[in-house]
Structure formats: C-alpha cells, structure tokens
Amino acid sequence: MTDSEVQIDPDDHTFRGYRRADGRVGVRNVVAVVPVSVTASAVAERLADDAAEWVRATPHQMPLDPPEGARDQIETVLEGIGANPNVAGALYVSLGTERIEADALADGVAETGKPVETLTIREEGGTAAALDAGADAVDRLADEAREARREDADASELVVAMECGGSDATSGIAANPAVGNACDRLVEAGGTGVISETPEFIGAEHILADRCTTEEVRERLLDAVDRRERMAGLMGVDFRGAQPSPGNQKGGLTTIEEKSLGAIAKGGTTPLQGVISYGHRLPLGGGFVVMDSPGYDVESVSGKVAGGAQVVVFTTGRGSTTGNPIAPVIKVTGNPNTYQRMTDNMDVDASRVLSGESVDAVGADLYRRILSVAGGELTAAERHRMEEFAINDIPPKELAALGDPT
Amino acid sequence: MKGITIDDAAIVMAEADTVATALDDLETGREFDLAGYGFAVGEHTVTLTEQVEFGHKFALEPIAEGELIRKYDEVVGEATRDIAAGEWVHTHNVESTRARPGDESDGSDDGESAETDAPAAATEGER
C-alpha cells in the first residue's frame, strides 16, 4: 500500500505503540545491550550482532574511570538509554573495574519496571564466557520483549528530537522550517519537541530567549549559550573555520550566526518551556524544550534519546546518513540535489519548499510521517541499520574552568 | 514558502535583508530586478559580478567594510572589506561577530587559573 492510498484524517493524532510498565510508550521494541565503558563495547557489539535484529548495542569510547563531572554525565546517558521506552529490556555489560557501577545503572532502569540484567566480563571468566552468559541474558530479555504488543497511543505521549547535521543553506530555508512546523503541530497535539546543540544557538539566542516562558528558563538558556561560547574561546578554537564546518561553508553557510538562525527554525514557534541538561529526562507533554548539548550531531541525538525521545527528525542539506540504535531517525533534506543523489538515505523531500510548496504543507506531511514511523514504519536509517551512538565527554580543562553544566 | 523568491533563482528571507541566497548555480552578469518586492535595499537591478553557487549568497546593495550583513532579518556577520552589489558574500569578505578566540578574556570572568590564562593570551597574540 502506498502513502497515497491511506486516508489521512488531519484530526487523527494517534499511533500504536508499546506501553511500558511506567506508562511511557515505546515506538520500537528493542533489547538494549549497553557497555559501561570502552572495555565492554566490543562484547556488547558482538552480543547484539549474534542476536536478533532488534537486539541493539550502544558501543562507546568512555574510559574506565572518567573524572567526576564527566562521570555523572556518562551515568545519566547510560541509564537513560536503558530507561528509554523504545527499550523493552536492557543488559549492562562491564569489564568489572569501572568506576560507574553496572548494578547502579540497572537499579535505576529497573525503577521503570522493565527487566534489566548485568554482565561482568571478569567475573564470567573472560570474553568467551561473557559472550556465552551474555547470549543467555539477551535470550531471557528477548523472551520478555516478545510479549509486548502495540496498543493505541497518542501524539501527546511522544517526545520527538529535532536534529540537524551536515547543514547547508537549504537547511535554514526549507528543511528546518518544515521541521519547525511539524514541531508546532506536535506541541499543539500535546507532545514534546526538543532541539539541542547549544553552540548552534550562538547568534540566534535572543530569538529563543524571547520565547522563554519564565525568567528562570531564559537565564538558564542564556547561561548555557554563554558557557558554550566561552568553551570555544577557552580551547583556543576559532569558530571561524570550525563553525560553520568546512562542509557547511561549502554549502553556503558563512558564519555561526547564519547557521544558528537556520538551526533554531527546527524548534518552530511555540513558547520555550524549559532547558534540560545533556542526557537528562525530557518531560512528557512538555511542549517545546531545549537540551543543552554539544554541537556534534551523533552525541546530540544520543543525549536526547537518553532523555527519552522515541523518534528523531534529522535534517541534512549535504547528506548525513546517521541513525541511532534505539530510536528511529527520519531523514529530511531541503536540498534537491541531495535528495536525488541520496534518495535511498532520505525519508522526506523538503526541497519542495524551494520550488514553491508551502512550509505548512511540507510540515503537515512530516507530522503525519512522525506518527506513521511511531506506529512502526521503518525509516531509511533503520533499513540500512545505521546505528551511530556516542556520548559527549567533558574534557578536564573545561570541567575545571567552567564548572559543572548542571 | 517563507522568504521571497526572485526570478525563481534566488531567495531573500526577509524584506530588511542585504543579501539573497542563490537557488541555482548563477552565472556572472545575471540580473535581478528588485522592483516591486518592498525590499529595504531599494528597487534597483542587481547584476552578479561573479558566479554564485547554489546555496551561496550575493549582496543586494553595496556593503562597506565593518557594516553588518542581514539575513532572516537578523545579523549574520560583519563585512571584512567593501562588498559591491552583486558580489558573492562568503567567508572571504564576511566574518562572525561571535565566539572569537580571546573574547572570553575581556569579559568580566576572573578566577581562572594562570594555567588557562597563558594559552589564551598566546592564542590572542597569534591571530
């Protein structure tokens, strides 16, 4: 059945999802295999590769003993991944010498009522034994996951992450405004829409600040932007040359201000209700919110998924192919050449805006697509098994100079 | 759509803007008649003085060195040299007004260690 055969009721904001024990609704039903440090990442990946397609690993590079402020952030993300409602059950894998305790993470996730297990490579007696024991654990979790059934759910139960990567001039003109329109529709329907990448608010923060619902939110936002801007100066990073990236510049973006003004269009026009720290829990029914994240798209997406986002809408002008292991990523491009060259990696052609179609019409289509993907329609990134994952690390120098972000 | 399309080949995002974005690869000599759109820059005809690639910007009016560049009815940078009407506007003649290295040292922040101050000062000297 093609899309055109589906009767679309504009007042229908429902989809069918997996309602978890804590009431949150998943749009996918995966078993997550989460390494606690880099030393467990290979085992986690092997366990997922050897299991069913819907068993997903989140390999990453975090060390055994990260410094304190960075450690809190890593813990928050690792626990958040297991707690994401797209996850039916989680297995935490550690070498056994990590400062972050797998049991503590598992306890946190268990509070959502879903099954969680832990696996310690040293205690099992090495890699081979850990793979055997891990496969058994994955089987047990998968058995429970198989019991889950889709049931009626509503757009108000969705947390949708808006992201952009590989931006060019069309991002701010076509794709991001269309995503912003869909974000407005989602917020209108009672859901939560979140944008992040704080460095990409630089030069556009006054627009977001004017949309803040309270003085407290406004201060939090401006502090976050100021902190990221100082971080750039502190590291001796010249934003000219690095932000916008060489690719952005090739695509016509000249300055960080220009990139930012285009980027914030993803957040639509509704009031800004809150600023959430990287990887922290995003509110349900929260309206439009911001997560304070770095400007690296894979880390930014991972942070929002750790915060509970079930669906990601990702715009790209130049042709990013990235996905996520836990949440479906809908790829939207405003560049007609990119859409034609990389149709196989794209879900929505927002370049229709450049040829005269209204942002409103493309936004309406995109909103329908979000509900359809929430209901199980696979995205291009899912078909290609694009499952990038990365946790933002805070370098010690930044920690010392700028203090804890929370 | 948002923004005003001129001649199906360029888009001006807001009436107050001083630059347009090419919606096609545009050749030198291409003319854009600005009459009737209500742009703040006026009603003249802009002639491209060089090629402008898809997605890139050109000036709708002469912009003097140090003047701010406007797109989306907002400031997107500052001219680093005089820019003629119809000239390609990009990193070679515009720079950001934000997040420059060394900027943090003229803020009110103090209490940072000497260790962090030293490289910042060195960076400032190089640029």
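To find a chain, count down the sequence lines: A is the first, B the second, and so on, and within it residues start at 1. Keep in mind that the numbers below use all heavy atoms, side chains included, and drop hydrogens, waters and symmetry copies.
Between Lys259(A) and Glu197(A), none of the side-chain N atoms (NZ, or NE/NH1/NH2) sits under 4.0 Å from a carboxylate O, so this pair counts as no salt bridge. Using a 4.0 Å cut-off between charged nitrogen and carboxylate oxygen, Glu200(A) and Lys266(A) do not count as a salt-bridge pair. We find that Arg227(A) and Asp223(A) are not joined by a salt bridge, their nearest charged nitrogen and carboxylate oxygen being 4.0 Å or further apart.
For chain B, the option among Asp360(A), Thr170(A), Ile207(A), Asp168(A) with the highest count of heavy-atom pairs below 4.5 Å is Ile207(A).
Taking non-hydrogen atoms and a 4.5 Å limit, the residue list of residues 49-73 of chain B in contact with chain A, ordered by number, reads Phe54(B), Gly55(B), His56(B), Lys57(B), Lys71(B), Tyr72(B).
When atom types are taken as modelled, the side chain of Asp33(B) and the backbone of Thr45(B) share no donor-acceptor pair closer than 3.5 angstrom. A donor-acceptor pair under 3.5 Å is formed between the side chain of Glu257(A) and the backbone N or O of Thr97(B).
Contacts of Lys250(A) with chain B are made by backbone atoms alone, with heavy-atom separations under 4.5 Å and no side-chain atom involved. At a 4.5 Å heavy-atom cutoff, the contact between Thr91(B) and chain A is made by backbone and side-chain atoms alike.
Classified by interplanar angle (parallel below 30°, tilted 30° to 60°, perpendicular above 60°), the ring pair Phe39(B)/Tyr37(B) is parallel.
Checking Ser245(A) against Asn248(A) by side-chain atom types alone, a donor-acceptor pair falls below 3.5 Å.
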